[in-house]
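Written out below as structure tokens is the structure these notes cover.
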Amino acid sequence: MAKKKIQQCLVLIKPDGLIKSLTGNILTTLTETKLIIVGAKIVQVDRELAEKHYHKLKEEKGEEIYEETLKYIQGHYHTDRVLALVYQGENAIEKIRKVAGETNPEKAEPTTIRGRYGRIVSSTGVFENVVHASDSEENAEREIKLWFEPNELSTVIYPTKEKKVTKNEIDWGEN
Ligand code: ADP
């Protein structure tokens, strides 16, 4: 395992995970990592959020997989929500990716979350792999800032600059 480092990792329990009532099982598996949860919420994913989350998928995997994956994460095939979580702790990204398993559920170890619960949809070829997990510190930061507001996290992860608000800005609505 790499040198110890405190990291954050965004985890999404995708619409197939929620509709199949796998949330409890997935959270139980994630507790094996001994990481702590510093953020959690249910999100209804619209096209804009889906596009921002998968901003590189079109160039990496092609138009067809990209479009199907956007539909999948928006819940077109299951339910229109995901459970978004932020885990924190030593080497969080490696630990979570290990219990999540490989992207392709048929290649994932059978004891991992994706190996146990994922499937490949025969008509579209999309990997319905139940969870998303950030794959690098850079992506974790980008994704956590995309999915969460600072005040939705139980700890300050990415300090924000203090903004001085002028009296005019506060007195909106009054003449
Ligand atoms: P990961 O989710 O493991 O970080 P990627 O970022 O490469 O993997 O892909 C994002 C999502 O797009 C996957 O979780 C999966 O749902 C879908 N996907 C990626 N590659 C493929 C593929 N070759 N065939 C079908 N679906 C794919």
Side-chain angles (χ1 to χ4, degrees), residues 7-27 29-30 37-88 92-93 96-97 99-108 112-158 160-161 163 172:
Q7 295 177 325
Q8 291 77 32
C9 184
L10 179 83
V11 173
L12 302 175
I13 302 186
K14 297 181 181 180
D16 50 330
L18 292 190
I19 201 94
K20 293 176 182 173
S21 301
L22 294 171
T23 310
N25 296 359
I26 293 168
L27 292 177
T29 306
L30 288 168
I37 297 173
V38 296
K41 66 174 176 178
I42 289 285
V43 182
Q44 282 182 295
V45 183
D46 59 15
R47 171 101 194 178
E48 192 186 346
L49 177 58
E51 279 180 4
K52 284 184 180 162
H53 180 75
Y54 288 123
H55 71 308
K56 284 192 175 156
L57 200 63
K58 185 157 41 174
E59 63 180 69
E60 285 172 358
K61 303 283 163 74
E63 178 93 31
E64 213 170 310
I65 287 175
Y66 172 70
E67 285 299 330
E68 280 303 324
T69 303
L70 291 195
K71 282 192 206 160
Y72 163 42
I73 198 72
Q74 287 178 87
H76 290 203
Y77 304 117
H78 305 95
T79 178
D80 67 343
R81 52 206 64 209
V82 306
L83 176 58
L85 301 145
V86 179
Y87 279 84
Q88 177 171 281
I93 294 169
I96 296 224
R97 297 277 300 184
V99 297
E102 279 194 44
T103 309
N104 180 341
E106 286 188 1
K107 290 198 177 150
T112 60
I113 295 167
R114 287 165 162 180
R116 241 184 254 160
Y117 307 121
R119 69 169 192 149
I120 300 178
V121 184
S122 55
S123 55
T124 59
V126 162
F127 301 159
E128 286 187 2
N129 52 12
V130 189
V131 288
H132 165 81
S134 312
D135 62 4
S136 66
E137 281 185 27
E138 190 191 349
N139 282 337
E141 177 169 352
R142 191 188 73 82
E143 291 170 2
I144 291 166
K145 286 177 175 173
L146 178 62
W147 288 81
F148 284 85
E149 297 296 332
N151 65 4
E152 293 173 324
L153 302 169
S154 65
T155 173
V156 178
I157 300 177
Y158 308 113
T160 47
K161 278 192 192 146
K163 183 176 182 282
W172 57 271

Specify the closest pair of heavy atoms between [X] and [Y], including all atoms of both residues, with the distance to one decimal.
X: Ala100; Y: Val131; result: CB-CG2, 4.0 Å
X: Pro105; Y: Arg114; result: CB-O, 3.5 Å
X: Thr103; Y: Phe127; result: O-CD1, 3.6 Å
X: Ala133; Y: Arg97; result: O-NH1, 2.8 Å
X: Cys9; Y: Ile144; result: N-CD1, 4.3 Å
X: Val43; Y: Ala84; result: CG2-CB, 4.2 Å

Taking atom [atom1] of [X] as the centre, report whether more than 12 heavy atoms of other residues, nucleotides or ligands fall under 6.0 Å from it.
X: Lys107; atom1: NZ; result: no
X: Glu60; atom1: CD; result: yes
X: Glu152; atom1: CD; result: yes

Would you check if the side chain of [X] reaches a backbone N or O of [Y] as a donor-acceptor pair within less than 3.5 Å?
X: Glu67; Y: Glu63; result: no
X: Ser134; Y: Leu10; result: yes
X: Thr29; Y: Asn25; result: yes

Rounded to the nearest 0.5 Å, how far apart are [atom1] of [X] and [atom2] of [Y]?
X: Thr124; Y: Glu68; atom1: OG1; atom2: CD; result: 5.0 Å
X: Glu141; Y: Ile157; atom1: CD; atom2: CD1; result: 9.5 Å
X: Glu137; Y: Gln8; atom1: CD; atom2: CD; result: 8.0 Å
X: Asp135; Y: Glu143; atom1: CG; atom2: CD; result: 7.0 Å
X: Thr69; Y: Gln74; atom1: OG1; atom2: CD; result: 11.0 Å

Test: [X] and [Y] ion pair at under 4.0 Å:
X: Lys52; Y: Glu48; answer: yes
X: Glu51; Y: Arg47; answer: yes
X: Glu59; Y: Lys56; answer: no

Q) Can you list the steps and then say if Tyr77 with Lys71 is a side chain to side chain contact (heavy atoms under 4.5 Å, CB included)? A) CA-CA 7 Å; Tyr77 304 117; Lys71 282 192 206 160; 3.4 Å; yes
Any side-chain heavy atom of [X] within less than 4.5 Å of one from [Y]?
X: Ile73; Y: Leu49; result: no
X: Tyr72; Y: Asn129; result: yes
X: Ile37; Y: Tyr87; result: yes
X: Leu146; Y: His53; result: yes

**Q.** Distance-only polar pair, side chains of Asp16 and Tyr117, donor-acceptor under 3.5 Å
**A.**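 There is no such pair between these side chains.
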Q: Could you tell me whether Lys41 sits above the aromatic face of Phe148, with NZ or CZ closer than 6.0 angstrom to the six-membered ring centre and within 45 degrees of the axis?
A: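 The answer is yes; both the distance and angle limits are met.
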Q: Output, in order, the C-alpha distance, side-chain angles, deciding distance and verdict of side chain to side chain contact (heavy atoms under 4.5 Å, CB included) for Ile13 and Leu85.
A: CA-CA 8 Å; Ile13 302 186; Leu85 301 145; 4.3 Å; yes
